[in-house]
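Note that the structure is a prediction, hence the values are computed from the model and not measured. One-based numbering, in listed order, for ligands and for the atoms of each.
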Amino acid sequence: MTRTEKLLAELIALPSVNPAFLPPRHPGAGEQCVADFLAAIAARAGLEVEFQKVLPDRANVIARLLPRNPIRQSILLAPHLDTVGAEDSQFIPRRKNGRLHGRGACDTKGSIAAMFTALCELPESKSRPQETEVVFAGLVDEENAQAGSRALTASGFKAALALVGEPTRLQVVTAHKGSLWLELETRGKAAHGAAPQLGKNAVLEMARIVEALEIGYTARLRKRRHPLLGAATVNVGTISGGAQPNIVPDRCVISIDRRTLPGETEAGVKREIKTFLQSKRLSVRVADRKLAPALPLETDPELPLVQKFLRGAGQRRPVGVDFFCDAAVLSAGGIPSVVFGPGDIAQAHTADEWISLAQLERGKNLLLHFLQSLP
Ligand SMILES: [Zn+2]
């Protein structure tokens, strides 16, 4: 068993479910046990360790390998410590046919194991960087509100490049979409169901809006394509309106998930939807949002460190993915970020999550070689 595999099995056995997905004070909730576990190993490996408090009983764990000479640049390894919820049996790691099964195997304890093992092996290796500081930051709360990555950037932390751990099948990802959840409301006029001509039906108006969004608006979005991400999309996810059959409904609300491309802003998207619907003679109110939007990611693939990492991974061009992650938050905070890690997003959040052990080890080796190649 390799060091990477052993560490991953130990991490799977430490539940770190995001508290947002569990009842209050659930014993399996929170990332602290994983943060403490990693801090102890990092200290034994001679790294500098600190905790960065983010939320009550929830802290990012930060481990640094300092160079012998003055620091010329910092490289950040940034996987998240939390997972989505799971059955108890998923916290027992199981090895079968070259795969390791369990909650977090690919999302994203596999990345933690690969990044952390690479970092711990670096001081023992002959070619450790002389002027580059390597910082591992295990971040809390990625699966819910990204409080960990937001706290890290708010602290003023800067790096020349962040490698954000997520299952990308070891592909170097420089772009992902963002996500904007919006609530749209129509207003009508109530009347007796026996005399619908006296009212104005808000559900009927909304039905026309839903169709216009799904067909006309989607067709318009398809005309604008990002080279790595394709087109933005819209999904009408929920609808509610009306009180009972014999009343003309005076209100109807839908919620939509608009996946955004780099460069799109919340205000711009709201304006675009309103203008589009107005052109179809449909009127709608867009409610103010309560949650921060999930931003899109776009990192310049021509940056020298990104080019170096791409070459090391044997990849000519970067790729884009549909899912959102901490990389966008770090990037918005001024840290150029790419997403990279072993495992496949197809197995993330599933009842039978697993990772290929060969890919896990290859990921660790790619990371180690990249870190060794830094000045
Ligand atoms: Zn993840």
Exercise. Distance from T233 atom OG1 to D322 atom CG, nearest 0.5 Å?
Worked result: 7.5 Å
Exercise. Taking the six-membered ring for Trp, is the centroid-to-centroid distance between H176 and F324 below 6.0 Å?
Worked result: yes
Exercise. Among side-chain atoms of Y217 and R222, is any donor-acceptor pair under 3.5 angstrom?
Worked result: no
Exercise. Under a 4.0 Å N-O cut-off, is there an ion pair linking E272 with R224?
Worked result: yes
For this session: Find, among atoms of D107 that are N, O or S, the one nearest to the Zn ion (ligand 1), and state its name.
Result: OD1
For this session: Look at H80 and state whether any of its N, O or S atoms is less than 2.8 Å from the Zn ion (ligand 1).
Result: yes
Exercise. For residues 24-48, which residue pairs qualify under ring pair (Phe, Tyr, Trp, His ring centres under 6.0 Å), counting only residues two or more places apart or in two chains?
Worked result: none
Problem set entry | Metal check, the Zn ion (ligand 1) vs E142 N/O/S, cut-off below 2.8 Å | no
For this session: Could you pull out the atom name of the N/O/S atom in E166 that is nearest the Zn ion (ligand 1)?
Result: OE1
For this session: Kindly confirm whether the Zn ion (ligand 1) is within less than 2.8 Å of some N/O/S atom in E143?
Result: no
